[in-house]
Amino acid sequence: MINIEKIFKEVGIIKEGHFLLRSGLHSGIYFEKFRLIEHPECAVPLFELLANQFKGEPIDIVAGPTTGGSIIAFEIAKILRKRCIIAERVEGGRDFLRGFNLKAGENVLVVDDVLTTGSSVRDVISAIKRHKANPYAVGVIIDRATETIDFGIPLYSVYRKRVENYSPEHCPLCKIGIPLTKPGGI
């Protein structure tokens with residue numbers, strides 16, 4: 001059995017401190033997902049765990065949001081031998097640009113790297129529905145949401161750790177003066 005938390009700590013995925021998340025929330029824990037991509041020997045077994053949850057399912061396409069989700073989507077699509085499409089940010093959400101297309105009725109597996117609030121996944125699901133395709137399931141490498149998020153379709157995560165997030169005005173880390181860090185590409 002893979003000790004995922006041990007791997008995450010060894011390669012520097014799990015960070016502790018005071019972080020500004022892309023959602024605008026603050027957290028004492030940050031998952032630097034690109035440390036996983038930096039170490040394919042650690043990433044590939046996790047991609048396989050995620051993909052194995054969907055083998056034999058009637059999935060036509062794997063979709064992910066830019067940027068980290070696109071890497072995960074490609075790897076999962078490669079394992080499942082399915083097409084991969086990427087949902088890019090557009091005004092009002094996400095859409096499939098650059099010639100990516102969906103056909104009405106196609107079943108789409110939505111994948112992402114880290115789930116915090118679910119906004120990126122919701123935006124991808126909305127884009128799928130606008131194209132009259134079917135969001136089939138969601139798969140993420142890391143689920144750090146404080147509560148289970150209901151997308152109306154099955155959700156599977158490789159690693160789940162409930163992490164408390166705070167609005168800036170209610171952040172206990174701010175109140176005790178721990179400096180705020182803006183990690184990654186935020």
* Asked: Taking it one step at a time, do D112 and V124 satisfy side-chain contact (heavy atoms from CB on, under 4.5 Å)?
  -> CA-CA 10 Å; D112 204 358; V124 176; over 6 Å; no
* Step-by-step side-chain contact (heavy atoms from CB on, under 4.5 Å) determination, D113 to F31 -> CA-CA 10 Å; D113 46 18; F31 292 90; over 6 Å; no
* **Test side-chain contact (heavy atoms from CB on, under 4.5 Å) applied to D143 and L155, step by step** => CA-CA 10 Å; D143 178 353; L155 166 65; 4.2 Å; yes
* Determine, stepwise, if the pair F74 / I71 fulfils side-chain contact (heavy atoms from CB on, under 4.5 Å). => CA-CA 5 Å; F74 174 80; I71 297 166; 5.9 Å; no
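Summarising the geometry of A137 relative to F54, their closest heavy-atom pair is CB-CE2, 3.7 Å, with the distance given to 0.1 Å. Taking every heavy atom of both residues into account, E32 and G12 meet most closely at CB-O, 4.0 Å. The two residues R83 and I61 make their nearest non-hydrogen contact at NH2-CD1, 2.8 Å. Considering every non-hydrogen atom in both F96 and A63, the closest pair reads CE2-CB, 4.1 Å.
Within the 4.5 Å cutoff, the side chain of Y159 has no heavy atoms near those of the L49 side chain. Inter-residue side-chain proximity for L180 and H26 is flagged as met; some heavy-atom pair is nearer than 4.5 Å. The closest side-chain heavy-atom distance from T117 to N165 is not below 4.5 Å. Within the 4.5 Å cutoff, no side-chain heavy atoms of V163 are placed close to those of Y30. The side-chain heavy atoms of L80 and L109, taken from C-beta on, include a pair separated by under 4.5 Å. Counting heavy atoms from C-beta outward, R98 and E88 have side chains that approach closer than 4.5 Å. Side-chain contact between Y136 and D60: absent, with no pair of heavy atoms (C-beta onward) separated by less than 4.5 Å.
The distance from the CG atom of L25 to the CD atom of E164 is 10.0 Å, given to the nearest 0.5 Å. Between the CD1 atom of I85 and the CG atom of L97 there is a distance of 10.5 Å, given to the nearest 0.5 Å. The distance from the CD atom of E75 to the NZ atom of K78 is 4.0 Å, given to the nearest 0.5 Å. Residue L36 holds its CG atom at 6.5 Å from CD1 of I141, rounded to the nearest 0.5 Å. Going from atom CD of E91 over to atom CZ of R89 covers 13.5 Å, rounded to the nearest 0.5 Å. Rounded to the nearest 0.5 angstrom, I2 CD1 and E48 CD are separated by 8.5 Å.
There is a path of hydrophobic side-chain contacts, each under 4.5 Å, that joins I72 to I59. The cluster map of Ile, Leu, Val, Met, Phe, Trp and Tyr, joined by side-chain heavy atoms under 4.5 Å apart, puts I125 and I86 in the same cluster. The hydrophobic clustering, which links ILVMFWY residues whose side-chain heavy atoms are closer than 4.5 Å, places L21 and F8 apart. Cluster membership for F100 and V62, using ILVMFWY side-chain heavy atoms within less than 4.5 angstrom, is not shared. By the criterion of side-chain heavy atoms lying less than 4.5 angstrom apart, applied directly or through intervening Ile, Leu, Val, Met, Phe, Trp or Tyr residues, V138 is grouped together with I128 in one hydrophobic cluster.
With hydrogens and angles disregarded, no donor-acceptor distance shorter than 3.5 Å links the side chain of K33 to the backbone of G68. For the pair H18 (side chain) and I178 (backbone), a donor-acceptor distance under 3.5 Å is present. At least one donor-acceptor pair closer than 3.5 Å links the side chain of R144 to the backbone N or O of I29. Judged by distance alone, the side chain of D95 and the main-chain N or O of A127 form no donor-acceptor pair under 3.5 Å.
Environment of CD in E41: crowded, with over 12 heavy atoms of neighbouring residues, nucleotides or ligands closer than 6.0 Å.
A side chain to side chain contact (heavy atoms under 4.5 Å, CB included) with I142 is found for exactly one of I4, I13, L115, namely I13.
In summary, the side chains of R22 and S120 do not present any donor paired with an acceptor at a separation below 3.5 Å, with no hydrogens or angles considered. R94 and T66 share a side-chain donor-acceptor pair at under 3.5 Å.
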